[in-house]
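Data block below; observations after.
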Amino acid sequence: MADDIFKKLIAHSKEYGFVFQSSEIYDGLGAVYDYGQNGVELKNNIKKYWRDSMVKLHENVVGLDSAIFMHPTIWKASGHVDAFNDPLIDNKDSKKRYRADVLIEDALAKIEAKMDKEVTKAKKRFGDSFDEAQFRETNPRVLANQEKWNALHKRFSDALNNNDLNELKQIIIDQEVACPVSGSKNWTDVRQFNLMFSTEMGSTAEGANTIYLRPETAQGIFVNYLNVQKTGRLKLPFGIAQIGKAFRNEIVARQFIFRMREFEQMEMQFFVKPGTELDWFDKWRETRMSWHRALGFGDENYRFHEHEKLAHYANAAVDVEYKFPFGFKEVEGIHSRTDFDLNQHQEFSGKKIQYFDPELGKSYVPYVVETSIGVDRMFLQVMAASYCEEEVTSSNGKVDTRVVLKLPTPLAPIKLAVMPLVKKDGLPEKAREIIGDLKFDFNCAYDEKDSIGKRYRRMDALGTPFCVTVDHQTLEDNTVTIRHRDTMEQERVAIEALGGIVENATNFKALYAKLK
RNA sequence: GCGGGAGUAGCUCAGCUGAUAGAGCAUUAGCCUUCCAAGCUAAGGGUCGCGGGUUUGAAUCCCGUCUCCCGCUCCA
């Protein structure tokens with residue numbers, strides 16, 4: 001059933017111009033999506049909500065827009081180059097995937113174990129007079145194994161150095177490595193999985209550098225820490241906030257826009273005095289939760305998920321999870337990243353990245369608390385939370401279904417539609433005149449096609465909060481009817497009052513007021 | 001990568017015991033003038049994912065291939 005709603009949501013997103021599959025006319029490109037004419041408006045509004053609540057509402061948080069391309073060494077320093085490059089092999093029977101290098105290392109360890117066993121046995125036999133070094137050099141069984149080990153180790157390191165995947169597989173076959181789960185030796189080829197996209201910078205082949213498309217935006221903040229801190233004369237604690245694209249060559253990327261290969265992050269790195277990071281971590285987790293809850297999607301649909309296994313750089317981590325149609329899933333992560341990243345960059349760049357604390361009279365590397373949210377996941381959350389199918393009974397007793405996107409009004413792609421009740425008698429002209437006045441302040445739509453009820457429903461499906469209808473009375477007294485999306489109720493108001501009504505109901509201030 | 005499902009109009013699908021490619025909705029134009037999607041008339045839109053084979057003839061049968069969706073492995 002929930003799956004059903006998810007499918008409807010995907011279809012709705014396409015039908016009403018929110019999200020399209022990338023390169024659709026060429027059969028699509030896996031896990032890449034485009035935002036359509038309404039999607040881009042909604043997405044921009046989500047980004048505005050985040051940016052304003054970070055940068056405008058916090059005196060000590062500033063913005064940044066760093067480039068996607070960065071010096072390759074940054075990814076060595078951050079640990080991504082090592083962590084993102086694995087030769088993997090699958091067992092065809094158990095469907096389990098292993099790191100090929102780990103399997104071979106296990107085989108090496110097995111040989112070592114054999115030799116150790118011989119040594120242990122001999123030790124028992126000879127007692128105190130046992131000379132281990134001599135034994136290892138002379139015992140034929142140990143020597144044979146040592147030779148085996150040396151040969152295998154050389155083959156292994158050669159294969160790794162030459163990045164020879166076929167050789168890695170051949171080693172696994174020759175060593176008769178079996179899958180621990182299925183026990184079979186039925187292996188696929190070894191494949192290199194590089195989770196970072198790479199490209200070449202520099203137009204000549206010999207001068208070209210391999211550079212990576214960033215897999216997270218955070219590093220752009222870390223490497224600009226000194227620039228921003230010094231030019232902004234910022235004192236700890238302070239934060240740098242950035243919205244930008246990131247790229248990961250995910251092995252599987254599924255569930256619509258929940259996990260994409262090209263995605264957008266909204267990250268804020270908050271720099272603090274060492275020792276205070278866990279207090280700030282607690283503060284930010286509450287701040288971020290309140291940001292989510294202010295949208296009014298129901299507090300019960302959110303929860304924290306504490307990380308038990310922490311990443312190498314973190315000393316605390318928690319996710320904000322939202323109840324999607326396919327279950328509770330992460331939309332935001334809050335991490336206490338310690339001084340790991342800045343330390344690494346200090347080491348790899350050879351530049352001091354420190355903060356002089358005037359109170360203590362000394363310099364130190366700040367600690368970092370990070371909040372990191374996926375724009376696309378947020379978008380999906382907003383769509384999932386807003387999508388409603390309502391039963392509507394009309395005056396003649398007919399029951400039909402109304403599909404309405406109950407978007408938080410500040411996020412709605414279109415704020416109001418103005419339509420003539422009929423397309424004659426000067427009503428269309430009057431409607432366009434009204435739009436002419438309001439279009440500078442709001443995204444407006446005009447529609448004269450089909451019956452008025454049908455037009456209302458079309459706007460419901462887009463999440464437009466207001467429909468303004470021009471009728472014959474309008475021409476006499478300059479009043480119009482304004483219809484509210486959620487209640488379907490209408491009221492008659494003066495044309496000059498429209499701007500104020502829409503502004504009051506759709507500006508971001510009410511949202512910001514709810515933030516803690 | 002493995003397993004399962006699916007590719008026919010913008011959308012949802014029918015046609016699949018081989019023989020001129022269909023419906024509903026949507027779109028466009030005109031009529032009607034009506035405050036909650038369903039009035040009337042007309043039009044546009046498809047190399048039936050792609051390639052090959054069998055056949056007098058293939059959306060339909062056979063082989064190959066690509067893509068998408070779901071599950072599993074991964075996710076700093």
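Note that the coordinates shown come from a computational prediction; the quantities given were computed from them, not determined experimentally. Below, chain A is the first sequence line, B the second, and so on; all start at residue 1.
For residues 411-425 of chain A, no residue pair satisfies the salt bridge (charged side-chain N to carboxylate O under 4.0 Å, His left out) rule, not counting sequence neighbours. Sorted by first and then second residue, the salt bridge (charged side-chain N to carboxylate O under 4.0 Å, His left out) pairs with a member in residues 484-496 of chain A read A:Asp471-A:Arg492; sequence neighbours excluded.
Paired with A:Tyr302 under the rule side chain to side chain donor-acceptor pair (under 3.5 Å), one option of A:His292, A:Glu332, A:Lys323, A:Gln381 passes, and it is A:Gln381.
Residue A:Lys14 places at least one side-chain N or O under 4.0 Å from the OP1 or OP2 atom of B:C11. An OP1 or OP2 oxygen of B:U27 is reached within less than 4.0 angstrom by a side-chain nitrogen or oxygen of A:Arg458. Contact annotation: A:Lys454 side-chain N/O to B:A26 OP1/OP2 distance is under 4.0 Å.
For the C1' atoms, the distance linking B:A6 with B:C50 amounts to 16 Å, nearest Å. Taking the C1' atoms as reference points, B:G3 lies 27 Å from B:C13, given to the whole Å. Straight-line distance between the P atoms of B:A9 and B:C2: roughly 29 Å, to the nearest whole Å. Across B:U60 and B:C35, the matching C1' atoms stand 50 Å from one another, rounded to whole Å. Here, B:C70 and B:C61 have their C1' atoms 29 Å apart, quoted to the whole Å. Straight-line distance between the C1' atoms of B:A59 and B:G22: roughly 12 Å, to the nearest whole Å.
Note on A:Phe263: nothing from the nucleic acid sits closer than 4.0 angstrom, heavy atoms only. The residue A:Ser451 sits close only to the backbone: its heavy atoms come under 4.0 Å of sugar-phosphate atoms, none of a base.
In this structure, A:Asp460 pairs ionically with A:Arg483, as a charged nitrogen and a carboxylate oxygen lie closer than 4.0 Å.
The salt bridge (charged side-chain N to carboxylate O under 4.0 Å, His left out) test applied to A:Glu262 returns A:Lys245, not counting sequence neighbours. Residues passing the salt bridge (charged side-chain N to carboxylate O under 4.0 Å, His left out) test with A:Lys351, sequence neighbours excluded: none.
In the set B:G10, B:C35, B:U28, the nucleotide with an atom closest to the side chain of A:Lys449 is B:U28. Of the candidate nucleotides B:U33, B:C75, B:C35, B:C35 has the atom nearest to the side chain of A:Thr469. Which of B:U33, B:C75, B:C36 sits closest to the side chain of A:Arg457 comes down to B:C36. For A:Val422, the side-chain atoms get nearest to B:U33 when compared with the rest of B:C75, B:A37, B:U33.
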How is the base pairing of RNA chain B summarised as a dot-bracket string, given the Watson-Crick and G-U wobble criteria with both distances under 3.5 Å, [ ] for crossing and | for another strand? ((((((((.[[[[.)...(..]]]].(((((.......))))).....[[[[[..)....]]]]])))))))....
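Relative orientation of the A:His12 and A:Tyr387 rings is perpendicular, given thresholds of 30° and 60° on the angle between their planes. Between A:Phe222 and A:His345, the ring-plane angle classifies as tilted under the 30° and 60° cut-offs. Using a 30° and 60° split on the angle between ring planes, A:Phe270 and A:Trp280 fall in the tilted class, from 30° to 60°.
Mapped onto RNA chain B by nearest heavy atom, A:Gln21 and A:Ala11 fall at different nucleotides, with A:Ala11 at the one closer to the 5' end. Where A:Glu330 and A:Tyr16 each meet RNA chain B at their nearest nucleotide, the meeting point lying more 5' is that of A:Tyr16.
At least one donor-acceptor pair under 3.5 Å links the side chain of A:Asp477 to the backbone N or O of A:Thr479.
Proximity of residues 478-490 of chain A to RNA chain B (heavy atom under 4.0 angstrom from any strand atom) is restricted to A:Thr481, A:Arg483, A:Met488, A:Gln490.
A straight line from NZ of A:Lys8 to P of B:C69 spans 21 Å, rounded to a whole angstrom.
At a cut-off of 3.5 angstrom, the base of B:C75 holds at least one donor-acceptor pair with the side chain of A:Arg259. For A:Asp471 against B:C35, a side-chain N or O and a base N or O form a donor-acceptor pair under 3.5 Å.
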